[in-house]
Amino acid sequence: MTGAAHPLVGDIDVAVIGGGIVGSCLAGFLAEDGVGVALIDDGRIGGSNANAGSLHVQMQSRFMRLYPQNVPGMERQLPLYPKAVAFWQAMQARLGADFDLKMTGGLMVAESRDQLDFLKIKARRERELGLDVDVLDRAELDRIAPYFGPDVVGAEICANEGKLNPLLANAAIRRWIIEKGVVLVEGESAGPVRRERQGFIIETGNGRIKAGRVVLAAASGSKALAAGLGVAIPAEPEPLHMNITEAAAPLIGHLIQHADRMITLKQFGTGQIVIGGGWPAQLAGERRHPTVELASLVANATLAQHIVPRIAPLRIIRTWAGINTSVDGKGVLGPIGLVPGLFAAIPGDAGYTLGPLSARLVADMMLGRQPNEDVSPFSPDRFEAA
Ligand SMILES: Cc1cc2nc3c(=O)[nH]c(=O)nc-3n(C[C@H](O)[C@H](O)[C@H](O)COP(=O)(O)OP(=O)(O)OC[C@H]3O[C@@H](n4cnc5c(N)ncnc54)[C@H](O)[C@@H]3O)c2cc1C
């Protein structure tokens, strides 16, 4: 079929490639302003349809440990996180939807003096960068979260962290963008993308789409699409593991993380406890499908019940894997200087938290408006040409 116009959309103002949280919100914001938008997504499991729903604000020790070279980038991105959480709240109100969004704060626990000292240094730095954080000893912690295991000695608390249920949020955002007239091209891989004298030609398995402008919102899939146009975006896939338990009575209010070990824990309004934190999955087979590893399931569940022993009797009813994307600790947002009309929209670490706000910033740039934030640190032009 290549060569023929795509049956759903032959010619469009903007083609957004990648229908995760960033691409979807961006398509919605552009469509609200009267721009004709096609959103092309291959239907594979990415980040937005697999994530844990943590609304992160404080720096995650996992990223600091794994990618110490990215810490300056993470610090540059840090002030955006509380704003991104507030943006999620505004988004829920604006859509008149219920995302099961709770702003209950987040606790990063320590199990040794060394870990607590690390949290004190981290909190000091984060306060300098404008975050509302504090470090609690065990007695103070027990007053607000009396369920931790005996080894926990204290925690960093971050007031404006929270959680939401991504299944509810994604469904509401999908309804909103359909209502706004975004053309959904689903289950089709986009690429290669070719620059024409005016605009772009995007090949899909089902025909060609001609677009005035193109946005690469395809997470790690953006790397190959950009490379085809001579642009470097070093976005790498990171397959990760997740679990969810059966429902339990309300126990855990906060978003829970660890100073030194890979764990996130939270309880949804359904009573289910979502357990994640960055345990690896694998990209299996020819299609590199994100696939669960038994070792991650066992280690993740064991650690969860060590941190909160009262969840030990709960049964895990589902495990799954998704693909996170890692760049350099910062988002990749805005026009690509080398290719006029080409834009990138890739959030930084904890990209679901950052998703809607990142989309807003790119939409504003595309609509010729001054974004509300200084977007210069996130320019795609910081990478060398491919
Ligand atoms: C298991 C897991 C748990 C996570 N938990 C959290 C969390 O609790 N909180 C948080 O803030 N973040 C979390 N993250 C990170 C977060 O999910 C991602 O950073 C975020 O969802 C990325 O959004 P996105 O729209 O940029 O990309 P994605 O949601 O990955 O969407 C990109 C889409 O583009 C598609 N695509 C790629 N190439 C092409 C192509 N050529 N043609 C068409 N389509 C294409 C992909 O298949 C995908 O559907 C988690 C990630 C994982 C994997």
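Fair warning: this is a prediction, and the values are worked out from it, not measured in the lab. As the structure lists them, so they are numbered: ligands from 1, and atoms in each ligand from 1.
Residues passing the ring-ring contact (aromatic ring centres under 6.0 Å, His included) test with Phe378: none are found, sequence neighbours excluded. Evaluation of the salt bridge (Lys or Arg N to Asp or Glu O under 4.0 Å) rule for Arg127 yields no partner, not counting sequence neighbours.
Pairs engaging residues 265-286 under the side chain to side chain donor-acceptor pair (under 3.5 Å) rule: Ser54-Lys266, Thr270-Gln272 [sequence neighbours left out].
Classification of Arg138 and Glu140 as a salt-bridged pair fails, no side-chain N sitting under 4.0 Å from a carboxylate O.
For the pair Glu161 (side chain) and Val57 (backbone), a donor-acceptor distance under 3.5 Å is present.
A donor-acceptor pair shorter than 3.5 Å cannot be found between the side chains of Asp132 and Asn160.
Sorted by chain and number, the residues within 4.0 Å of ligand 1 by heavy atom are Ile17, Gly18, Gly19, Gly20, Ile21, Val22, Ile40, Asp41, Asp42, Arg44, Gly46, Gly47, Ser48, Ala50, Asn51, Ala52, Gly53, Ser54, His56, Glu188, Ser189, Ala190, Ala217, Ala218, Ala219, Gly221, Leu225, Leu240, Met242, Gly322, Ile323, Asn324, Pro347, Ala350, Gly351, Tyr352, Thr353.
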